[in-house]
Amino acid sequence: MVIFMVLPLMGVTYISWHLWTLLPVPPIWRVLAITLMIGSFAMMFLNFGRRFDSLPLPLATACYEVSTSSIFVMLYLVILFLVLDFGRLVHLVPRSWLYQNGVTAIAICTFLIALFFYGNLKYNNKVRVELGIKTGKKLSKDYRVVMLSDLHLGYHNPRKELARWINLVNAEHPDFILIAGDIIDGSMRPVIEENMAEEFRRLNAPVYACLGNHEYYSGTHEAQQFYHDAGINLLIDESIVIDSCITLIGRDDRTNMRRKPINELTKHSSKNDKPYTIVIDHQPYNLDRSEAAGIDFQLSGHTHRGQVWPISWITDAIYECSWGSHQRGNTRFYISSGIGIWGGKFRIGTQSEYIVTTIKH
């Protein structure tokens with residue numbers, strides 16, 4: 001939390017100083033530009049306090065989009081100004097480029113508009129990832145499974161967007177659907193007002209899901225009621241058996257420090273005729289424990305792979321696997337970057353995705 005608070009404040013200060021020296025306009029206009037930037041960033045903290053819930057839905061949506069998008073805009077402004085400052089340091093960038101220079105200001109603005117236009121197009125392009133899984137364990141048939149994570153439904157991913165995703169899933173004709181948490185972004189208000197539960201009931205296959213950390217932010221009681229209304233089978237440290245040959249385990253999110261360990265959730269499995277075991281666990285930590293527990297396949301999400309570069313470098317450093325297919329012994333993992341997103345609708349160096357899997361004997 002200290003890093004989350006201090007680094008943005010340092011970034012705001014750094015950008016403000018550069019804007020003050022760069023913009024070739026009267027001081028009142030520079031003050032206005034800096035005030036708008038700081039105001040957009042500060043507005044994000046109103047969302048943390050659920051203040052947007054008191055606004056009309058269209059206005060709350062606009063406030064959410066502007067405030068959360070400002071974080072990414074400021075990130076790239078910091079990067080640009082750091083590059084220019086380094087250029088000055090090594091005498092590649094003239095001092096005049098950064099002082100009262102309208103050409104530089106227009107060039108930076110044009111670059112940012114083009115970059116975030118590209119990022120928005122990239123976000124809206126949902127990538128279909130095909131994943132083949134073969135097992136030596138006996139199955140009743142080949143199973144077609146669609147896997148999702150991190151929908152983040154709310155102010156910025158409304159029912160209209162959810163309907164498009166539901167259509168993509170139904171087009172695959174899955175035997176069942178897995179969702180690895182963070183279906184809800186934070187506030188239950190837009191999810192309930194737009195009756196998104198009704199949209200989920202259009203899915204043409206059983207849906208199984210686990211909780212994510214954002215369900216804890218929204219309130220687990222309200223989230224569980226929504227899952228029930230939506231016809232989603234929520235698994236919280238519990239398992240079910242599908243067709244007597246697949247055991248599906250849904251873990252509580254690690255936000256709950258008292259959640260059951262994975263080996264406790266698998267200890268009742270028969271050692272002689274152990275079914276194919278799938279785990280859905282929102283956050284991809286401690287993958288070695290899933291391997292030790294004899295899990296065959298685990299679906300996780302949470303990381304978004306940073307959403308934009310260079311944050312993807314950070315997630316790659318934090319997690320054993322922050323995105324994609326991963327193998328540990330006999331355990332296969334897939335860490336999804338998510339079909340939805342938190343905050344501004346931009347993907348730069350990452351992708352929004354859904355996974356279509358065929359599990360074969």
Please check if the side chain of [X] supplies one atom and the backbone of [Y] the other of a donor-acceptor pair under 3.5 Å.
| X | Y | result |
| --- | --- | --- |
| Ser337 | Gln351 | yes |
| Ser300 | Asp281 | yes |
| Thr315 | Ser322 | no |
| His361 | Lys137 | yes |
| Tyr354 | Gly338 | no |
| Thr13 | Leu9 | yes |
| Thr277 | Pro275 | yes |
| Asp185 | Gly154 | no |
| Asp150 | Asp182 | no |
| Arg30 | Trp20 | yes |

Ion pair [X]/[Y], N-O distance below 4.0 Å:
| X | Y | value |
| --- | --- | --- |
| Glu172 | Arg144 | yes |
| Arg201 | Asp229 | no |
| Arg305 | Asp316 | yes |

Minimum side-chain heavy-atom gap [X]-[Y] below 4.5 Å:
| X | Y | result |
| --- | --- | --- |
| Arg332 | Asp296 | no |
| Lys267 | Glu264 | yes |
| Val279 | Leu299 | no |
| Arg189 | Phe52 | no |
| Thr104 | Tyr99 | no |
| Cys63 | Leu55 | yes |
| Tyr64 | Thr68 | yes |
| His18 | Tyr14 | yes |

Indicate if [X] and [Y] have the same hydrophobic cluster label, given that clusters are the connected sets of ILVMFWY residues with side-chain heavy-atom separations under 4.5 angstrom.
| X | Y | result |
| --- | --- | --- |
| Val129 | Ile278 | yes |
| Ile262 | Leu235 | no |
| Ile177 | Phe200 | yes |
| Leu178 | Tyr143 | yes |
| Ile355 | Ile335 | no |

State, to 0.1 Å, how close [X] and [Y] come at their nearest heavy-atom pair, and which atoms those are.
| X | Y | answer |
| --- | --- | --- |
| Leu57 | Pro190 | CD1-CB, 4.0 Å |
| Ile183 | Ala209 | CD1-CB, 4.2 Å |
| Glu238 | Leu265 | N-CD2, 4.3 Å |

Is [X] atom [atom1] crowded by more than 12 heavy atoms from other residues, nucleotides or ligands, each under 6.0 Å away?
| X | atom1 | answer |
| --- | --- | --- |
| Asp288 | CG | yes |
| Arg289 | CZ | no |
| Trp313 | CH2 | no |
| Tyr285 | OH | yes |

Practice task
Apply the test salt bridge (charged side-chain N to carboxylate O under 4.0 Å, His left out) to residues Glu198 and Arg159: give CA-CA distance (whole Å), side-chain angles for both, the deciding distance (0.1 Å), then the verdict.
Solution key: CA-CA 10 Å; Glu198 185 177 62; Arg159 178 169 176 170; 2.7 Å; yes
Practice task
For a ring pair (Phe, Tyr, Trp, His ring centres under 6.0 Å) with Phe116, tell me which candidate from Tyr123, Phe72, Tyr76 qualifies.
Solution key: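 When Tyr123, Phe72, Tyr76 are each tested with Phe116, the ring pair (Phe, Tyr, Trp, His ring centres under 6.0 Å) holds only for Tyr76.
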Exercise for the section: May I ask you to check whether His304 and His152 place their ring centres under 6.0 Å from each other? Expected result: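 When the ring centroids of His152 and His304 are compared, they turn out to be within the sub-6.0 Å range.
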Handout entry: Pair Asn120, Arg347: side-chain N/O donor-acceptor within cut-off below 3.5 Å
Key =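 Checked: Asn120/Arg347 side chains show no N/O donor-acceptor pair below 3.5 Å.
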Practice task
Decide yes or no on side chain to side chain contact (heavy atoms under 4.5 Å, CB included) for Ser16 and Met37, but give the supporting numbers first.
Solution key: CA-CA 9 Å; Ser16 297; Met37 179 192 68; 3.3 Å; yes
